Number of protein chains: 2
Amino acid sequence: MEKNDALLGLSALAHEIRLDVFRLLIQAGPQGLTAGDLARLADIRPNTLSNNLNILSAADLVRSSREGRSVRYFAQMDTMRDLLGFLLQDCCGGQVELCQSFLDQIACDC
Amino acid sequence: MEKNDALLGLSALAHEIRLDVFRLLIQAGPQGLTAGDLARLADIRPNTLSNNLNILSAADLVRSSREGRSVRYFAQMDTMRDLLGFLLQDCCGGQVELCQSFLDQIACDC
DNA sequence: CGTTCTTTTCCATATTACATGAATTATGGA
DNA sequence: TCCATAATTCATGTAATATGGAAAAGAACG
């Protein structure tokens, strides 16, 4: 991932509404959530949500597909992974043991 | 980590200078870099750097200690780890195999 | 075709964040 | 004490971003 993409992703996530939305989508997993679901769950106006979903989409952190009258959104985990990889690139000054210990501590609670 | 701390961290990283600085510190590892080193490496004015180091410090992504006339900065990997943990919390809709596969793909190149 | 539901776009306003110059603080050496 | 070096703080003009109302667009259904 290039720096500009990383900045796009970080800027997208550095916002309360978008962080809430992205985490809801992360937690929803592969089935995703419709825009309407998100508006209800996060309690935000539809136009504000739409603007923020656009910003997340521009960063490729979410993707969408139309489903009847609704639009369903999904977290794009590949992009998330690339972003984390970029942040940790060449980390720890080449000391592999520091690096390994760091990664081991990122535990997923699911 | 709480949401507000995560937002503080993400906002701190969502900025070209600060992302450069943080990655330089990540790559420097435990020995860190002085403010002067950073200003030279990233080619930024000292006062601009100082402002941005303050923002990274407020997010606890970096810490510093005085070293003679210089101030040495270090990436705070614990905070970084907590931030990543927060982002991935309850991810993948409870499907452990998705989660595991995701984490396995975050490889550190060092 | 007209209505309803869902989502998006447009736009004006308000807020916030940013880089910079000038001044200030802190340290070490002459 | 005086000077040079290193880093920080402060005030300010400018630029970027967020917000919400109004209107429009897309889709399903009678």
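Note on naming: letters A, B, ... go to the chains in the order of the sequence lines (proteins, then strands), and numbering restarts at 1 for each one. Keep in mind it's a predicted model, so treat the numbers as computed, not measured.
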Selected nucleotide, minimal atom distance to B:V71 side chain, candidates D:dA27, D:dT8, C:dT27: D:dT8

Without decimals, in angstroms, what is the distance between A:N54 CG and C:dT7 P? 13 Å

Report the distance from atom CG of A:L56 to atom P of D:dA18, rounded to the nearest whole Å. 11 Å

Tell me, do A:K3 and B:D20 make a side-chain contact under 4.5 Å, heavy atoms counted? yes

Within the 4.5 Å heavy-atom criterion, are A:E2 and A:D5 side-chain neighbours or not? yes

Got B:H15 and B:L19 here, is their nearest side-chain heavy-atom distance under 4.5 Å? no

May I ask you to say what B:N51 touches in the nucleic acid, namely base, sugar-phosphate or nothing, with a heavy-atom cut-off under 4.0 Å? base

Would you indicate whether the side-chain heavy atoms of A:S65 and A:Y73 approach each other to under 4.5 Å? no

Selection from C:dT6, D:dT9, D:dT8 that lies nearest to any side-chain heavy atom of B:Y73: D:dT8

Rounded off to whole Å, could you give me the CG-to-P distance for the B:N52 and C:dC18 pair? 7 Å

For B:E16 and C:dA17, what is the distance between atoms CD and P respectively, to the nearest whole Å? 19 Å

According to the Watson-Crick and G-U wobble definition with distances under 3.5 Å, which dot-bracket string, read 5' to 3', encodes DNA chain D, using [ ] for crossing pairs and | for pairs with another strand? ||||||||||||||||||||||||||||||

Considering only side-chain heavy atoms of A:N47, which listed nucleotide, D:dA27, C:dT8, D:dA7, is closest? C:dT8

How would you label the contact of A:S70 with the nucleic acid (heavy atoms, under 4.0 Å): base, sugar-phosphate, or nothing? sugar-phosphate

So which of A:I26, A:L25, A:D82 actually passes side-chain contact (heavy atoms from CB on, under 4.5 Å) with A:M77? A:I26

Close side-chain approach of A:L33 to A:V21, heavy-atom, < 4.5 Å: no

Pick base, sugar-phosphate or nothing for B:T34, based on heavy-atom distances below 4.0 Å to the nucleic acid. sugar-phosphate

Counting side-chain heavy atoms from C-beta on, which of D:dT9, D:dA18, C:dC18 comes nearest to A:H15? D:dA18

Rounded to whole Å, how long is the line connecting atom CG of A:L49 with atom C1' of D:dT19? 13 Å

Closer than 4.0 angstrom, basic N to acidic O: yes or no for A:D43 and A:R40? no

Let me know the distance between CZ of A:R66 and P of C:dC5, rounded to the nearest Å. 16 Å

In terms of heavy-atom contacts, B:D60 and B:T79 come closest through O-OG1, 2.7 Å

Between D:dT8, D:dG26, C:dT9, which nucleotide has the shortest distance from any of its atoms to the side chain of B:S50? D:dT8

Given atom CZ of A:R72 and atom P of D:dG26, what is their separation to the nearest angstrom? 22 Å

Roughly how many Å is it from CG in B:L38 to C1' in D:dT8, rounded to a whole number? 15 Å

Between A:R69 and A:T48, just flag the one whose closest nucleotide in DNA chain C comes earlier from the 5' side. A:R69

Base, sugar-phosphate, or nothing for B:R18, non-hydrogen atoms under 4.0 angstrom? sugar-phosphate

Need one value for B:D37: base, sugar-phosphate or nothing, where a base atom within 4.0 Å counts as base even if backbone is also close, heavy atoms only. nothing

D:dG21 phosphate, OP1 or OP2, under 4.0 Å from A:R45 side-chain N/O: yes

Quick check for you: among D:dG20, D:dT9, C:dA19, whose closest atom lies nearest to any side-chain atom of B:I17? C:dA19

